Asker: 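The following block contains the structure, expressed as structure tokens.
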Amino acid sequence: MSVILDLTRIVQAAADAESPSAQVSVIVNSIQQYLGLDVCSLYLADERGDMALLASHGLNPDAVGGVRIPAGKGLVGLVAQSRHPINIADAARHPAFYGIRETQEELYRSFFGVPIVRSGVVIGVLVAQSREARELSAEESAVLVTLGSQLALVVATDSIWQEINQNITPILSGIKGAPGIGIGRVTLCDNVDLYSVTDGKCEDSAATLVEWQSLVETVLADVKREQAGLSELLSQEVAAVFDAYRLLLSDPSLVNGVAQLIRDGHHLPGALKKVIQQHADVFLAMDDPYLRARHEDIRHLGNKLYSAWRGLRASGTEDIPNTQTVLVGTQVSVSDIARVPTEFLAGIVCFQGSNLSHTAVLANALGVPAVMGVGEIRGIHNNDELVVDGNTARVIVRPTGSVLAEYEQLLKAEQQLKGELKGLRDLPAQTVDGTNICLYANSGLLADISPGLQAGAEGLGLYRTEIPFMVSDTFPSEEEQLAVYRQILEAYGTKPVHMRVLDIGGDKPLPYFPIREENPALGWRGIRFCLDNSSLFMSQIRAMLRASEGRENLRIMLPMVSNTSEILQFHALLNDAMQQLAEEGVHVRRPPVGIMVEVPSAISQLRSWREQLDFISIGSNDLSQYLLALDRNNPRVAASYDHVHPAVLHEIARVIEIARSIDLPVSVCGEMSSDPIAVVLLLGLGVRTLSMSAAQLPKIKWLLRRMSIESACSMVEEALLLNDARQIRKLVADRLYVLGAGEILW
Ligand code: PEP
Ligand code: MG
């Protein structure tokens, strides 16, 4: 009876506390006193499910308020996820243990955690610890479990978070722009906004036309200077960012469009705004996310011209930062980035913008962490300290000492990993038990070919030919395609290049060939479109074959195949093309032909297609989308999309088994190949060839060199018994930590 009274008193005292912070202190202090244990702490879940240490009797007081344990991590995460109390005598020996330096938890051996659950949702975790390595007695456990359930009703979570958000580190979430952790001082990019200009009359159109001409030349020179400044560091891919600006500045529809409006009586900034807006709006209306993101580039260029017109053009020498700097602005431009020496560029934060913008492309290429689309950060000043966490898309403004210390530790570990990755280029992708894995790069632009080679790719596993078609104004001619394909085949020497025939439609529309359909994902796309447009298709096949003259590294891959007739029709076209070329005196080797396995119906037909195919490649992006009936670009349902969904894994297992039984080479070229957790599972399923973006290749190689096929097989065996993607991810993540490869998941 007295125990119940004591507990009621504790809960009542918590309910009566005068402020949210007093409430959490009352809870931990009275429980600690009552049980006489060394530590009692209270963690509350934030909106992302991370657990913030909000009160503690016993742990380092400096850590209180600052420490957050990422959702699902550590013993606290385990309690929250399992919704069960955990009673452990020696916490540090538990595989889920997640030591945080600043709490000084290592002084305490035992751990008892109980979830605080309100309306089915875990709102926090109550933790008791002692120096002694012992499990809590049944009586002590019962007290904590009872308190946990009663406190759920009285803890004023909303007011606590309100108070905290005023006092501790604001954490903002955005979109991942470029991975990595950066810590530095804010430099605000003073973005002018051309869109805020109001229209005005032009008094002297002749003089304004001269002014416009010289403005274009000046900005063109600026772009060239900025490009030259970064050129040594930049891959061709990034040089293309500057080339795009230069092309736009020479584009007659832009230059003449502004000139015409000036002649019509508009003043220069008004004319510029109108033309830039028209150009940007065309891209903004496109369905394809890559092309839609190009509207940001056009706006950037407009702002650049406008600031030069206002005399704000940077001379390129003043105010060059010489400390670790984070560039922050509505849209940090490529020119802003070019102004900071890369050794001082710690991060980039954009209030707006997407992960496909040129700012993000450049950040990725320079290896600078970036977070996009965080929304306006109020009250931020030049020189404020900032953490940019590009791995989780978070920005932490003015971090407290303990948060900063945590990130400094992560940064150090990341730099160590980066150092190790650099040395991997020429080492084989070999597992610890001696199996060689073939790593290919995915590519789509001429400009992103060299990163694949630089990263040590053994070939191109997927060349998406639609991208040159998408960035063009019309269907490129056979000659234009020939020039592109030849450069690619030559760049890879004897290494295989898997060129996929045009895969437009669905999520990849062509701007000059709009296809309006009720249900484009199930419509006229991939091989279906190609076969119905056979003259267009023929010129692509001919261009590929001609590019392969004198070489043996071309492979042709067909997207979205679901019917036998599609493969047969392609072979007939290939025969025709070979014959035509032979008659023209061009003799080429018949290239190996394969298909993407991405429409689920292909799987059960693979055996019957054996004679027509030399290889297959699993397109896990579309395969997952069609198996789960989930469009990952649709924000309403995207959260449920996961390519490690058990159904996807079972289907991939089936593909591998069939391919093995008919001796058909198989690779994976969707996003799964870049996702460390998926890679482990694919390895366990028997995949030995992976194709991924060049940027991810060193990381995946690093992982493979720490894995054994045996452990991958045992993980996938267990994973296939689970029926939830989150559980599967957790299983593999926990094992990777135990194997000492957990850093790969940061
Ligand atoms: C896929 O579907 O997995 C794939 C690689 O093709 P894309 O992403 O180009 O549709
Ligand atoms: Mg696909």
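All ligand and atom numbering here is 1-based and tracks the order in the structure. These figures come from a predicted structure and were not determined experimentally. The figures that follow rest on heavy atoms only: side chains count, while hydrogens, waters and symmetry mates do not.
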Asker: Go through R660 and E657 one step at a time and tell me if the salt bridge (Lys or Arg N to Asp or Glu O under 4.0 Å) criterion holds.
Answerer: CA-CA 5 Å; R660 196 178 280 153; E657 197 191 303; over 6 Å; no
Asker: If the cut-off is 4.0 Å to any non-hydrogen atom of L462, which atoms of ligand 1 fall inside it?
Answerer: 5 (C)
Asker: Is it true that K495 and E458 make a salt bridge, defined as a side-chain N closer than 4.0 Å to a carboxylate O?
Answerer: no
Asker: With a 4.0 Å heavy-atom cut-off (strictly under), which part of R500 contacts ligand 1: side chain, backbone, both or neither?
Answerer: side chain
Asker: I need the atoms of ligand 1 closer than 4.0 Å to a non-hydrogen atom of E598, numbered in the order shown.
Answerer: 1 (C), 2 (O), 6 (O)
Asker: Thinking salt bridges, do R546 and E479 make one under a 4.0 Å N-O criterion?
Answerer: yes
Asker: Does this structure show an ion pair linking D663 with R610, if we count only N-O contacts that are shorter than 4.0 Å?
Answerer: no
Asker: Does any non-hydrogen side-chain atom of I656 lie less than 4.5 Å from one of I618?
Answerer: yes
Asker: Tell me, which N, O or S atom in E598 is closest to the Mg ion (ligand 2)?
Answerer: OE1
Asker: Can you find an N/O atom of D622 closer than 3.5 Å to an N/O atom of ligand 1?
Answerer: yes
Asker: How is the N/O/S atom of D622 that comes nearest to the Mg ion (ligand 2) named?
Answerer: OD2
Asker: Which ligand 1 atoms, with their elements, are less than 4.0 angstrom from a heavy-atom of R464?
Answerer: 4 (C), 5 (C), 6 (O), 7 (P), 8 (O), 9 (O)
Asker: For ligand 1, find out whether one of its N or O atoms is nearer than 3.5 Å to an N or O atom of R525.
Answerer: no
Asker: Checking contacts here: is it the side chain or the backbone of M596 that comes within 4.0 Å of ligand 1, counting heavy atoms only? Could be both or neither.
Answerer: side chain
Asker: Whether D503 and R528 form a salt bridge (side-chain N of Lys/Arg under 4.0 Å from carboxylate O of Asp/Glu) is what I want to check.
Answerer: no
Asker: Give the numbers and elements of all ligand 1 atoms closer than 4.0 Å to a heavy atom of G670.
Answerer: 3 (O), 5 (C)
Asker: Go through it in stages, so that I can follow the logic: the residues are R525 and D622, the test is salt bridge (Lys or Arg N to Asp or Glu O under 4.0 Å), and I'd like the CA-CA distance, side-chain angles, deciding distance and then a yes or no.
Answerer: CA-CA 12 Å; R525 52 172 307 195; D622 275 315; 3.4 Å; yes
